[in-house]
Protein chains: 2
Amino acid sequence: MTKRATVADVAALAKVSSATVSNVISNRLGKVSAKTRLRVLDAISVLNYTYNETAAALRSNKSNIIGLVIHDLSNPYYTELIAKINRKLAKKGYATILACSDENLESQQGYLHLMKRHNALAVLLCPTWDTTSEHLDAWRDLSPTITFLRPTGSHDSDFIGIDNYQAAYDITSRLVRDGHTQIAFIGGSQSSRLRRQRLQGWKDAHEDAALRWDETHILYCASSMSAGIKATRELFKRDQNVTALVCYQDIVAFGAMNALHFLGKKVGEEIAVTGFDGLSDAEGWLPSLTTAEVQIEVLAEHIVDRLLLRLEKPDDPPNVTLLHAHIHWRNSSLYGGFE
Amino acid sequence: MTKRATVADVAALAKVSSATVSNVISNRLGKVSAKTRLRVLDAISVLNYTYNETAAALRSNKSNIIGLVIHDLSNPYYTELIAKINRKLAKKGYATILACSDENLESQQGYLHLMKRHNALAVLLCPTWDTTSEHLDAWRDLSPTITFLRPTGSHDSDFIGIDNYQAAYDITSRLVRDGHTQIAFIGGSQSSRLRRQRLQGWKDAHEDAALRWDETHILYCASSMSAGIKATRELFKRDQNVTALVCYQDIVAFGAMNALHFLGKKVGEEIAVTGFDGLSDAEGWLPSLTTAEVQIEVLAEHIVDRLLLRLEKPDDPPNVTLLHAHIHWRNSSLYGGFE
DNA sequence: TTGTACGCGTTATCAG
DNA sequence: CTGATAACGCGTACAA
């Protein structure tokens, strides 16, 4: 546990001032001659000097810490997203403080407070369902907040999301055109705005095709494969005539397909299943799963780009971006099997 | 973007010195009278004062940041673990800087450096396969490093892991006793020490039962359901006579079960499948999956406890803890179906 | 019980 | 191009 070298130590060894060392460290071009620069770099490596972010942050009142607050870490879509955001930020030299609110508003607010204490440069937030615009006001003034995936109702912050309504509408319409009349909607939690958007697409697709939808075909369930299994079994207890399942998420669809195997229904032949998310497992599954995808990579890119833009121009008006999902039609919803 | 209040501002409003404010904030009992305490707290709320961790960290040379470096964020076992560790640390007042090395040593070392720059109080590390004890030496002297799940060969750091050998041995032995003679081992990557431990358990269980194991029954695959599907199909291309699959992870087992459905084999009747991890989906799956579990909660508890202990006593000798897995025998490996 | 004064390691400012 | 010096906001002896 030897004490670590400081700028002053480096300066002394290189026989320059601490200001010069600082200039070298920050790569301020033209502020320091090539020769002294080398001398300083040499001293840095001799002393095994490590930059102290803490001191720099205090002095410049600007940390390089980005807060990342999310409601759930059990859904692979979110964790892959986090991984990608994390990597992109790291490449830009930012560190990420992670927090998981577990769908608990109080906990989320606590974490936002933590970010403030740490002087987070910005906060990326995927909020709990009960988060309103007002809940964010307390933080927005200090550091920019960028919300993603889950709308908070009013948009005073930047928001990057997915056009869920359209994707659900498109999927359902296509199923109707393929001849399905008994189409179920499975998954999501009751209070979810996102679910409401997808469900509305499902409903409108019915109505625009002059088809009645049935309340008993709508089921809630948690975000897990086993919840999808349970919901699917429940669905077929209610009604044996369903021929298509529009699932709220891929993991729910995986569960549904597992349950359908068990119920003796051949997915892609006797019954269609669709998902949402575009997980990489969807393609390799048997049969391959039809799903609405916004590539996680693309989403992460948008989020990080928006963040960087916002850091440059803090006072620009908030931006709302809705990404269009691409629907991969695969074997789980084969056309023509349902005439 | 109004400037935030400082201790000095609070002191001025409460008509006390900054030292008194500091004492109130840090809850140093007996150092300040109840009356002034209230005055200070009042001023804090009036000014909407927020504690500045950065300044505190610089002054005391002790951050409250814990670095969490992990190799993979796509496996639910790890993400659930992270979520739990994160929550426990937050409860103790620590913030977590997350980094994902993506199985890349260079990237991992970069992140460890980042942690050092941020003066991390400690680092929790689930290392890449090619990490050796020497790779950690550079960081260990500065802040304690606690490794988990993946052994690094030599143990100069604290380590919390799972007794993989024993669990795999127990599972395989039981399958042998149930009458299986053609037992495959699926999953894991070639260089994985952890996989070697589990595989050794599988091999030794064969040998102790005077049973030959077959090299063609051993397959590598990535950590995903679709990789499990591919590997299982490959296995049955090689040999139709396998009656049991010992999978390296639950997600691989889920994939295997999906593939087996497709191949027309009834899991739990004609063929046995076992997993590793004890994911919550294992129980709800159809049929329910036999799996070796070390409860994530328990593991997280051990890791955090070890961390806290280490912070208290930095100079105690490193501790290695191996947790014993509990095997849940479920329908996917029903006894008696293979006579 | 309260106040004063200084230092943590860096960066910004300005003068040379 | 380089150097001296003063901040940043908080913690902690030590003095009162």
Side-chain angles (χ1 to χ4, degrees), chain A residues 1-41 43-44 47-65 93 116-121 142, chain B residues 1-41 43-44 47-65 93 116-121 142:
Chain A
M1 296 263 189
T2 98
K3 219 161 153 341
R4 59 200 257 182
T6 74
V7 172
D9 299 331
V10 174
L13 184 61
K15 294 187 195 311
V16 294
S17 79
S18 63
T20 303
V21 175
S22 178
N23 281 332
V24 171
I25 291 169
S26 319
N27 245 322
R28 268 185 275 274
L29 308 165
K31 295 287 269 178
V32 59
S33 73
K35 230 177 74 184
T36 33
R37 193 183 126 82
L38 282 178
R39 252 207 347 273
V40 170
L41 288 177
I44 284 178
L47 294 175
N48 194 18
Y49 165 79
T50 303
Y51 185 74
N52 187 330
E53 300 278 357
T54 308
L58 175 59
R59 172 57 205 171
S60 64
N61 195 28
K62 225 171 213 238
S63 79
N64 70 348
I65 289 178
K116 192 173 174 185
R117 290 166 63 110
H118 279 279
N119 239 310
L121 193 57
L142 202 75
Chain B
M1 294 269 186
T2 99
K3 216 160 149 356
R4 59 201 263 181
T6 73
V7 173
D9 299 330
V10 174
L13 183 62
K15 297 189 193 307
V16 295
S17 78
S18 63
T20 304
V21 175
S22 178
N23 280 330
V24 171
I25 292 169
S26 316
N27 245 324
R28 268 185 276 278
L29 309 163
K31 294 286 267 180
V32 59
S33 76
K35 233 177 71 187
T36 35
R37 192 183 129 82
L38 281 178
R39 249 201 356 267
V40 170
L41 288 177
I44 284 178
L47 294 175
N48 195 17
Y49 165 79
T50 303
Y51 187 75
N52 187 329
E53 300 279 357
T54 308
L58 175 58
R59 171 59 216 181
S60 63
N61 193 27
K62 222 170 215 229
S63 79
N64 70 347
I65 290 177
K116 190 172 175 186
R117 289 165 64 107
H118 279 281
N119 238 309
L121 194 57
L142 202 74

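Just the heavy atoms: all of them, side chains too, but no hydrogens, waters or symmetry mates, feed the values below. A, B, ... follow the sequence lines: proteins, then strands. Residue 1 opens every chain.
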Quiz item: Between the two ends of the helix from dT1(C)-dA16(D) to dG16(C)-dC1(D), what is the bend in degrees, rounded to 10 degrees, where each end axis spans five pairs?
Solution: 30°
Quiz item: Should we count CZ of Arg117(B) as having more than 12 external heavy atoms under 6.0 Å?
Solution: yes
Practice problem: Tell me whether the OP1 or OP2 atom of dT1(C) has a side-chain N or O from Ser33(B) closer than 4.0 Å. | Solution: no
Quiz item: Lys15(A) near the nucleic acid: base, sugar-phosphate alone, or nothing, with a heavy-atom cut-off under 4.0 Å?
Solution: sugar-phosphate
Quiz item: What string of B, S and - do you get for nucleotides 8-16 of chain C 5' to 3' if you count protein non-hydrogen atoms under 4.0 Å?
Solution: BBBBB----
Quiz item: Once you round it to whole Å, what is the distance between P of dG9(D) and NZ of Lys62(B)?
Solution: 24 Å
Quiz item: Rounded to the nearest Å, what distance is computed from the CG atom of residue Asp9(B) to the C1' atom of nucleotide dC10(D)?
Solution: 13 Å
Quiz item: Thr36(A) near the nucleic acid: base, sugar-phosphate alone, or nothing, with a heavy-atom cut-off under 4.0 Å?
Solution: sugar-phosphate
Exercise. Could you list all the salt bridge (Lys or Arg N to Asp or Glu O under 4.0 Å) pairs where at least one residue sits in residues 12-26 of chain B, not counting sequence neighbours?
Key: none
Quiz item: Hey, are the side chains of Asn64(B) and Glu53(B) touching, using non-hydrogen atoms and a 4.5 Å cut-off?
Solution: yes
Quiz item: Within a strict 4.5 Å, meaning less than it, do heavy atoms of the Ile65(B) and Leu121(B) side chains meet?
Solution: no
Quiz item: With no hydrogens and no angle check, is any side-chain donor or acceptor of Asp9(A) less than 3.5 Å from a backbone partner on Leu47(A)?
Solution: no
Quiz prompt | d(CG, Asn27(A); P, dC1(D)) in whole Å | solution = 14 Å
Practice problem: With the side chain counted from C-beta on, respond yes when Ile25(A) and Val7(A) share a heavy-atom pair under 4.5 Å apart, and no when they do not. | Solution: yes
Quiz item: Taking the side chain from Ser22(B) and the backbone from Ser18(B), do they hold a donor-acceptor pair closer than 3.5 Å?
Solution: no
Exercise. Round to a whole Å and report the spacing from CG of Leu47(B) to P of dG9(D).
Key: 14 Å
Practice problem: May I ask you to say what Val21(B) touches in the nucleic acid, namely base, sugar-phosphate or nothing, with a heavy-atom cut-off under 4.0 Å? | Solution: nothing
Practice problem: Check whether any side-chain nitrogen or oxygen of Thr20(B) sits under 4.0 Å from OP1 or OP2 of dG3(C), and answer yes or no. | Solution: yes
Self-check item: Heavy-atom donor-acceptor pair, Arg4(B) side chain to Tyr51(B) backbone, under 3.5 Å
Solution: yes
Quiz item: Nearest 0.5 Å, what's the CG-OG distance between Asn119(B) and Ser60(B)?
Solution: 9.0 Å
